[in-house]
Amino acid sequence: MNHADHRLTIVPAAAVKEALRSLGTASKEIVEDIYVKAALGQLVNPDSLFLRPDDTRRERIIALPAYVAGESEAMGVKWISSFPENLGLGLPRASALIALNDPRTGFPTAVLEGAQISGHRTALSAAVGAEALRAGDRAPARIAVIGTGYISRTTLEVFAGLGWSCDHLVVFDVDQERARAFAGHSGEFAAGLAGNAVAAGSLREAVEDADVVLFATTAVVPHLSESRWFKHDAVVLHMSLRDLTPEAMAGAVHVVDDVAHALREKTSLALAVEQGTVERDGILPVGDFLRGVAKPDRDRRAVYSPFGLGSLDIALAQLVLDRSRDAEGVVSVPGFACTS
């Protein structure tokens, strides 16, 4: 970068989408590397900041700052909103931007559309956790998906792209029409993943007998209290963090991205530790499985609750920026920063 120029690069949604498609396994490798560094305490990843305009409502905006050292050094912040009522307006629940800064000067260098980057890294997080906890087995007999929004869709797309397969895909949503539509179209966005896909009539029907259960809902209060609904050796990808009651969390192996981060903001895991149904000392970072320090117990239910590390977003955004500088629609704004 020419520091006398101080250009700001703006990367819109279409360019971000194309860049993410071009990354191949590079994005998964970034996620795995970040998780190993997290387990070793090598991240500069401050706590996320939550802005809630009204505590009685579900709307929120979160700031996730991070600095990523290494060959692809990056620094910045993700600013992501979650407004569930948008769905009734025909709009996505989440929208976001990611701002990157020059690690040497601190000057802003880029603004990228961030919802796709955030969704992609969440999906990769789910895939990395599932693979680690299933000892590399990517062929469960039955996958259950709870919630039919963008994260579930992106996660199944990523799973399919990484070579996952299952005999049965079972989908549940409180909106039965959405569940049926999601199941019916799953072969289009997750081609080759499932032998067949159906909508379940109830939450219990969906999770029973599932080898892998993906929770990606907008729940803010735990609502599932029956641990006996799950298979004894199920891998539960608790991406929405607030679906399971402390009772439902009991007796499982608990895995997170970062322990301190995961025990914040009234997550199911935080509540379970407070109430004593889960011992904090027994919670493991997924990075320990990736580096071989911990081994998956295939005879016990595992609940994976990654809180979401800004380091993932910033590292992936830098990679997207590097791949998209000359893409159509990308704009470079000269003289953006005040230098006098």
Original post:
side chain to side chain donor-acceptor pair (under 3.5 Å) between Y304 and S125: does it pass, once the steps are laid out?
Top reply: CA-CA 10 Å; Y304 176 52; S125 174; 3.0 Å; yes
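- Considering only heavy atoms from C-beta on, V213 stays 4.5 Å or farther from L237 through its side chain.
- Scored by the side-chain contact (heavy atoms from CB on, under 4.5 Å) test, D258 finds A260, H261, L309 as partners (sequence neighbours excluded).
- Side-chain contact check for V68 versus L43: every heavy-atom pair is 4.5 Å or farther apart.
- Under the rule for a side chain to side chain donor-acceptor pair (under 3.5 Å), the partners of T148 that lie at least two apart in sequence or sit in another chain are D173, R178.
- A salt bridge links D211 to K231: one of the charged nitrogens lies within less than 4.0 Å of a carboxylate oxygen.
- Salt-bridge check for E265 with R52: passed, with a basic side-chain N closer than 4.0 Å to an acidic carboxylate O.
- Here the side chain of R300 pairs no donor or acceptor atom with the backbone of D233 at under 3.5 angstrom.
- Using a 30° and 60° split on the angle between ring planes, F159 and W164 fall in the tilted class, from 30° to 60°.
- Between E85 and R58 there is a salt bridge, since at least one side-chain N of the basic residue sits less than 4.0 Å from a carboxylate O of the acidic one.
- Proximity of a side-chain donor or acceptor of T154 to a complementary backbone N or O of Y150 within less than 3.5 Å is detected.
- Note on R138 versus E131: salt bridge recorded, some NZ/NE/NH1/NH2 to OD/OE distance being below 4.0 Å.
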Original post:
Can you list the steps and then say if I62 with L51 is a side chain to side chain contact (heavy atoms under 4.5 Å, CB included)?
Top reply: CA-CA 6 Å; I62 313 173; L51 171 63; over 6 Å; no
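- Results of the side chain to side chain donor-acceptor pair (under 3.5 Å) test with S95 over S118, S81, S82 single out S81 as the only residue that passes.
- Atom NZ of K28 is separated from atom CG of L162 by 6.0 Å, given to the nearest 0.5 angstrom.
- Taking the six-membered ring where the residue is Trp, the centroids of F172 and F182 are separated by 6.0 Å or more.
- No side-chain donor-acceptor contact under 3.5 Å links R142 to the backbone of V207.
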